[in-house]
Every structure is written in C-alpha cells, then in structure tokens.
Amino acid sequence: MTQSRPSTTSEGATASSSPRVELDVERIRSDFPALGQRVHGHRLAYLDSAASALKPQSVIDAVVKNYSEDGANVHRGVHWLSQRATTALEAAREKVAKFMGSATVENVVFTRGTTDGINLVANAYGAANLSAGDEVLISHLEHHSNIVPWQQVCERTGARLVIAPVTDSGELDVDGFERKLSERTKIVSVAHVSNTLGTILPLARIADLAHARGAVMVVDGAQGAPHLGVDVQALGVDFYAMSGHKLYGPNGIGALWGEKSIFEKMAPYQGGGGMIRTVSFEKTTYAGLPERFEAGTPNIAGAIGLGAAVDYLTNIGFAAVAAHEKELVRYGTKALAAIPGLRPIGTAKEKVGVFSFLLENVHPHDLGTILDKRGVAIRAGHHCTQPLMKRFGVPATARASLGIYSTRSDIDQLVGAIREAQEMFS
Amino acid sequence: MDDLRELYQEVILDHGKNPRNFAFPDASNCEADGYNPLCGDQLTVKARVEGDVVLDVGFQGQGCAISTAAASTMTEWAKGKTRSQIDEMFELFHSVVTGKKDADEDELGKLAVFGGVAEYPMRVKCATLAWHTLEAALAGKKEASTE
Ligand SMILES: Cc1ncc(COP(=O)(O)O)c(C=O)c1O
C-alpha cells in the first residue's frame, strides 16, 4: 500500500532483506541548475518544494527540445513535426500512467494541475451524480482547491459539504471520519498528504470505508505523488489528481487518473476541439478517453516535461526518496524542537518533510523576509488552508518543506537564520 | 544583520513589539476592518472624528511587525489631523514605501523609518494595510482590503 511506504521502506532498510537504498544527494543536486545560484550572497537553501519543486536539467531539456524541434500541434497533423510531437505526447502519457500504477493508459488525462483535475471531477462527475441532500465528505486539512470546487458543486446541486475532523497532531481522525460517512455520502475527497502539516493520510483505509458506503473516492495527490509516489491500484481509489510543478516537472501541467469504468461514462465538461468525434449543428458526438476530457490544444511541452520528470523520479526510486526523507524529517524535527519558543504545527506519526511552525515573538512573514536574506526560501502564510489554520487557532504559519535535493545543510542554515531572527526580535 | 536593519529599524521593532494606541478610543464614531488576503493579517481601526478632525484613533488585530508598527505609528501621527492631511500623508507614505519617492524625515517625521520597505515589494501591503483601513473608516466604508 502506497501510503505506508515510508515506514516499510525505512524499516526494510535496517531490518529486512530488501537492499539498502541510498540516495546520492550530491549527484541529484548537480542535476538541478537552480541550486547552483547564490541568493543575497548566500548558499540557496530551497525549502519551499511543497509550493513548487525545482526542475532537473532533464525536464528542462525535454521542454526545450519540444519547442526547439517539434513545436507543432498534435493529433490530426500528417506532417512530420506534428507526428513527432504527437508521439512524444502519447509517450509521456504512457510514462505518467505507469508512474501512477495505472493498468491502462487512456484513463490518464492531462490537466493544468491538481486544481484543474479536481474541478474536472467535481463538474463532470459531481454535478451529474449529486442531488439535493447528498453529501460530499472532505477533511478539515484540505487545500482550498479540494474545498472550493466541492462547495461550488454543492451549491449548484443542493448537496451538502461535510467535514471530517483532524486531531491536534494533525492526523485525520479516522473514527470521526467514519462517523461522518452516511448513506447520503456520494463522494469522498481527501488529500494524500497535507501540504501544510505533512501528514500522510491512510488512503487505502479511507477508500475502503468510502466504498463500503458506495461513495466514489477522489484524491488530491498534489503532495502525495512527489513524496510517496502513486499506486492507484494498491490505494484502491477512483480518482487521483496531481500537479507537474510539485513533481519536479513544468508548471501548468498535471494529470488526472480515473477508474476507467467510472471515467468513461462521464460526459465532458469542457467542449471544443480535440474532444469530439463528429460535430454538426444538430448534434455532436464525443471522443472517448482521454481526448474527451482534453478540449483544446494541450500543454504539449508541459506533458512531455512531466514525462521526463516521472522518468527522473522512477530512476531514483521512491524507496530511496522515502529513506532519504525519513532521515531528514527526523533530523529536522529534532533541530527545530531544540529552538526555544518554536511551536511545531503538525506532528503526525506518519508525515513527509513538511515543517510548519510558529515562533514566539516573530511573525511568520517577518521570519520569511529574514530567512530570505540568508538564502533560505520558506513560505509564510495560510498555505491555502484557511479552515485548517482556524482549526489550529493561528492566522498563518512558517513552513519549510523538503525535496529530493534537500540536505542537512539546508536545515542547519534554516536553524541558524531562525536564531538570528529571534535575536533581532528578542 | 545590517541589510535587514534597513527594513527592521529600531522604531519598527519597538512599535511592532509594543504597539501604541492598541485599544479602541472611547466614543469612537467610525471604524473599518482591514484585511490582507495574501497573508491573513487583519486589523480593525476605530476613530473618534469631530467635523473634519480625527480626535482619537486606535486599532486592534494581528499582523507582522511591519503591519503592526505601521498601524501603531499611523495612529500616533493621525491624532489631531484633518482628513485632507491624512489623505496627503497616505499618498506620500505610499510613494515612499513603493519606492517612487525617497523617504524624507522632514516630510514624514517618524514615518520615514518605513523607507526600507521599498526594497521589499512583497511587504508593501503590510505597511499600507492600516492606512487603507483608516481611509476606509473615514470614508464611511466598513472594510478595506489590500487587494
Ligand atoms: C495539497 C494540495 N492540493 C492542491 C494544490 C493545488 O495544486 P495546483 O496549484 O498545482 O493546482 C496544492 C498546491 O498548492 C496542494 O499542496
């Protein structure tokens, strides 16, 4: 099961027969040109990968190659450049499908990102299947992009948005979740990993509970895919949305995987070129998957770049990613806990490298500015999770988040700059 | 730490930590809520106005050092000022924090310490939130947003 990978792999690394997986972080760092720069005269400690991950050279090269050599439109083109671009686009879809653990390729749709994917499901599935009194169940830790689309579709259909509780440590309260399920629950939509707290949600268990009630299970995989990888079949979910830019790939591209038997029955929600079979003024018939949900010229270079990004991650392997991250989470948690006046927000047992915290006497925004001057890139604010902020009674947090290129030096630099900020505001 | 001291001058650190007029004036007769949707900072400004003159003004809320210090120094400065004086000063203050004009202590007095904000475009809204809110209150609006 995908969501238990970090613990199994790290335990496996110490105890069982699985080979020890090491991630050569210096080699990885040399693949990321952005890491070579200095910021305000300091080494760059990039601790904002949860917002956007940096891009390896292979992704940049793939995008540049598409624009340099194949800059033509895809599909229906009989000329050479168009054929080459089409082949590359469909090869990228195959890579992404494989990355997501999909048995088939056509049920992977290219989107603009996670937000776009969730909106697609909310509109094309939700609006068609929800009626007044039905319920959509989400959790208290969701990103706005897994709240607002459901709110909108609830408003249109008369369905109700129901919120499952989160514990003080930032875990999903599974018993509370179960109590919120009812025979009216038609859709369950939760994050794989919280972008604010780093919490890993027990997706397979949630999917079982949802399915037992006959609900469809949607996953916001924006943060799950880059840290844990995705295996839609092992997770047993019905939709999984992810973003390229959090996965070391380009902006403006993402993928939505859908369970084929559900996906292929859905009517398109955007009309236009590319998604039709035949058009007349009297009647239009629609193309099948995936074209049905890809109206208009797709982000071709983006999709190809996303293909390169999943190749890059697949080569490293998520066992190595998880082991590396687990060690850094342990190191970072300890280093931050040693800072007097620091209050961590989000202390789930199963979590990825996302550290949200508050400092006594230093507002997150002031901290963000001060850290930036020391080359440390973090994020300060509500992280598009205002209901979660309210749950913890804070207006904002500072958030440092890790990527595959993160090191202990990044954390040391963070801690040093936090100390400096504290001195200034003491 | 010197580069940061340009932004976080002593006056700002002091007012950020110990804001003045951090309470609502008695018998206030106009007020507005200010909200910075980018960072979630929010404050409420209340004032007692007679004719054209702000007799008393105070604020409450939560924000970063820059926005708290801006509110604190603004309320200190605004007491006894007319609406047109406040409009004029806000315009000047705005040009200074956005880097369109150099901070001149003769014109700005204590408010000149916000000159360093011009180097930090992402923080301009922190410095102007309280001013927008006071302007909204005086104009009889209920809410101000920096967006
Ligand atoms: C958990 C989570 N969900 C959804 C999103 C939205 O992703 P995107 O902006 O790429 O559509 C993000 C990114 O901010 C996120 O962290």
Side-chain angles (χ1 to χ4, degrees), chain A residues 38-42 48 51 143-144 148 196 341 343 345 356-399 413 416-426, chain B residues 1-19 22 33-44 59-72 97 99 113-130 133 145-147:
Chain A
R38 295 184 79 76
V39 171
H40 307 306
H42 295 268
D48 197 22
H143 188 280
H144 294 167
V148 182
T196 301
R343 173 184 160 206
I345 308 278
S356 260
F357 58 91
L358 290 169
L359 279 184
E360 226 171 73
N361 304 328
V362 191
H363 188 281
H365 275 96
D366 295 315
L367 183 68
T369 294
I370 294 166
L371 295 193
D372 173 60
K373 279 288 180 187
R374 298 300 174 256
V376 181
I378 63 148
R379 197 149 281 252
H382 51 63
H383 318 295
C384 294
T385 53
Q386 284 183 344
L388 181 65
M389 294 286 113
K390 203 165 169 203
R391 158 71 181 80
F392 281 95
V394 301
T397 71
R399 180 189 74 184
Q413 200 173 329
I418 290 175
R419 294 287 202 169
E420 204 181 327
Q422 284 184 314
E423 236 165 77
M424 190 161 167
F425 281 87
S426 68
Chain B
M1 221 189 239
D2 286 341
D3 47 348
L4 280 166
R5 286 289 180 192
E6 287 288 312
L7 177 63
Y8 292 105
Q9 303 202 19
E10 272 314 320
V11 174
I12 291 182
L13 290 175
D14 172 36
H15 281 255
K17 232 176 292 176
N18 308 300
F22 196 60
D33 295 323
Y35 184 59
N36 183 346
L38 283 179
C39 61
D41 282 0
Q42 56 159 90
L43 53 80
T44 302
F59 77 104
Q60 290 262 277
Q62 50 194 358
C64 61
I66 307 289
S67 79
T68 306
S72 172
V97 295
V113 296
F114 289 92
V117 174
E119 296 295 315
Y120 299 82
M122 300 302 291
R123 306 304 299 276
V124 168
K125 288 177 173 177
C126 309
T128 56
L129 177 62
T133 312
S145 160
T146 54
E147 269 200 339

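Below, read A as the first sequence line, B as the second, and so on, with proteins coming before strands; counting in each chain starts at 1. Note that this is a predicted model, so its numbers are computed, not measured.
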| task | May I ask you to list the residues in residues 62-72 of chain B that approach chain A closer than 4.5 angstrom, counting heavy atoms only, ordered by number? | result | Q62(B), G63(B), C64(B), A65(B), I66(B)
| query | Quick one: side-chain hydrogen bond (donor to acceptor under 3.5 Å, both in side chains) partners of T133(B), sequence neighbours excluded? | reply | none
| message | Main chain of S426(A), side chain of K17(B): is a donor-acceptor contact present, judged purely on distance under 3.5 Å? | response | yes
| query | Any side-chain donor-acceptor pair under 3.5 Å between D41(B) and H365(A)? | reply | no
| query | Looking at I370(A), D366(A), D372(A), which hits side-chain contact (heavy atoms from CB on, under 4.5 Å) with L4(B)? | reply | I370(A)
| request: Mind running side chain to side chain contact (heavy atoms under 4.5 Å, CB included) on L13(B) and M424(A) for me, showing each step along the way? | output: CA-CA 8 Å; L13(B) 290 175; M424(A) 190 161 167; 4.2 Å; yes
| query | Would you find a donor on one side and an acceptor on the other, under 3.5 Å apart, between the side chain of R123(B) and the backbone of T369(A)? | reply | no
| task | Against chain B, label T397(A) side chain, backbone, both or neither, depending on which of its atoms sit under 4.5 Å from a heavy atom there. | result | neither
| task | Name the region of Y120(B), side chain, backbone, both or neither, that has any atom closer than 4.5 Å to a heavy atom of chain A. | result | side chain
